[in-house]
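Worksheet for the structure shown next.
Nothing here was measured: the structure is a model prediction, and the numbers come from that model.
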Amino acid sequence: MRLTTKGRYAVTAMLDLALHAQRGPVSLADISERQGISLSYLEQLFAKLRRGQLVSSVRGPGGGYQLAREMQSIQIVQVIDAVNESVDATRCQGLGDCHSGDTCLTHHLWCDLSQQIHDFLSGISLADLVTRREVQEVAQRQDMRQCGSKMPRLDKIEASAVE
């Protein structure tokens with residue numbers, strides 16, 4: 001069983017958006033910088049998230065993306081589903097043709113595991129993650145790093161003042 005990069009990045013980007021929602025629309029460039037996800041990849045993901053009615057876009061200066069609903073009503077499984085990702089522990093994508101066209105011995109075990117994972121992710125909202133202390137600590141560190149990269153370095157300011 002594996003969740004691909006697409007699903008992981010979609011959840012990460014949505015969590016970043018939720019963490020910064022109080023500041024208004026969030027640009028994909030800011031998410032890209034904080035999370036280390038390419039801007040073009042985020043554009044593809046957010047097109048799917050918008051079609052899934054999880055985000056909405058705001059045009060113009062100060063534009064970006066915002067959550068389309070309250071973060072309490074957005075479940076992690078909805079984010080994964082919106083980007084056409086599945087959490088499937090079977091090797092046959094649940095089709096049951098895993099052993100020479102027939103169901104293998106462990107097919108139903110892996111189907112049950114897939115259902116457990118789906119149920120687990122259905123029980124977690126963006127709000128649940130946003131309120132976690134460790135998530136807030138990581139977000140604060142990322143914000144500080146991003147803020148520091150946008151501010152002019154003190155040694156460069158001092159050097160230009162001397163000249």
Determine the minimum heavy-atom distance between [X] and [Y], stating which atoms define it.
X: Ala10; Y: Val83; value: CB-CG1, 3.8 Å
X: Val26; Y: Arg34; value: CG1-NH2, 3.5 Å
X: Leu54; Y: Ala82; value: CD1-CB, 3.8 Å
X: Gly63; Y: Pro25; value: C-CB, 3.8 Å

Quiz prompt | Inter- and intrachain pairs under ring-ring contact (aromatic ring centres under 6.0 Å, His included), touching residues 101-144, at least two apart | solution = none
Exercise. Please check if atom CD in Gln72 has more than 12 non-hydrogen atoms from other residues, nucleotides or ligands closer than 6.0 Å.
Key: yes
Practice problem: Could you tell me whether Gln140 atom CD has more than 12 heavy atoms of other residues or ligands within 6.0 Å of it? | Solution: no
Self-check item: Residue among Ile31, Asp30, Val11 satisfying side chain to side chain contact (heavy atoms under 4.5 Å, CB included) with Asp16
Solution: Ile31
Quiz item: According to a 4.5 Å side-chain heavy-atom criterion applied to Ile, Leu, Val, Met, Phe, Trp and Tyr, with indirect links allowed, do Ile124 and Met14 form part of one hydrophobic cluster?
Solution: yes
Quiz item: Shared ILVMFWY cluster between Val138 and Tyr9, side chains joined below 4.5 angstrom?
Solution: no
Contacts under 3.5 angstrom, residues 41-49 side chains, donor-acceptor by atom type, not counting sequence neighbours:
none

Within the side chain of [X], is there an N or O that forms a donor-acceptor pair under 3.5 Å with the backbone of [Y]?
X: Gln146; Y: Glu33; result: no
X: Gln136; Y: Val130; result: yes
X: Ser73; Y: Arg69; result: no
X: Ser32; Y: Leu28; result: no

Within this structure, what is the [atom1]-[atom2] distance for the pair [X] and [Y], rounded to the nearest 0.5 Å?
X: Thr4; Y: Ile80; atom1: OG1; atom2: CD1; answer: 9.0 Å
X: Leu126; Y: Leu15; atom1: CG; atom2: CG; answer: 6.5 Å
X: Asp112; Y: Thr106; atom1: CG; atom2: OG1; answer: 11.0 Å
X: Cys111; Y: Leu95; atom1: SG; atom2: CG; answer: 9.5 Å

Do [X] and [Y] have side-chain heavy atoms sitting under 4.5 Å apart?
X: Tyr65; Y: Val55; result: yes
X: Asp102; Y: Asp97; result: no
X: Leu129; Y: Ile76; result: yes
X: Ser125; Y: Met71; result: no
X: Ile74; Y: Gln53; result: no

Practice problem: Indicate whether the side chain of Gln115 and that of Asp119 have a donor and an acceptor atom separated by less than 3.5 Å. | Solution: yes
Exercise. Carefully, step by step, assess Ser57 and Arg50 under the rule side chain to side chain contact (heavy atoms under 4.5 Å, CB included).
Key: CA-CA 8 Å; Ser57 60; Arg50 195 178 59 205; 4.0 Å; yes
Practice problem: Any pair with a residue in residues 123-139 that passes salt bridge (charged side-chain N to carboxylate O under 4.0 Å, His left out), sequence neighbours left out, goes on the list, sorted by first then second residue, please. | Solution: Arg132-Glu134, Arg133-Glu137
Quiz item: Taking NZ, NE, NH1 and NH2 as the nitrogens, is one of them in Arg23 or Asp143 under 4.0 Å from a carboxylate oxygen of the other?
Solution: yes
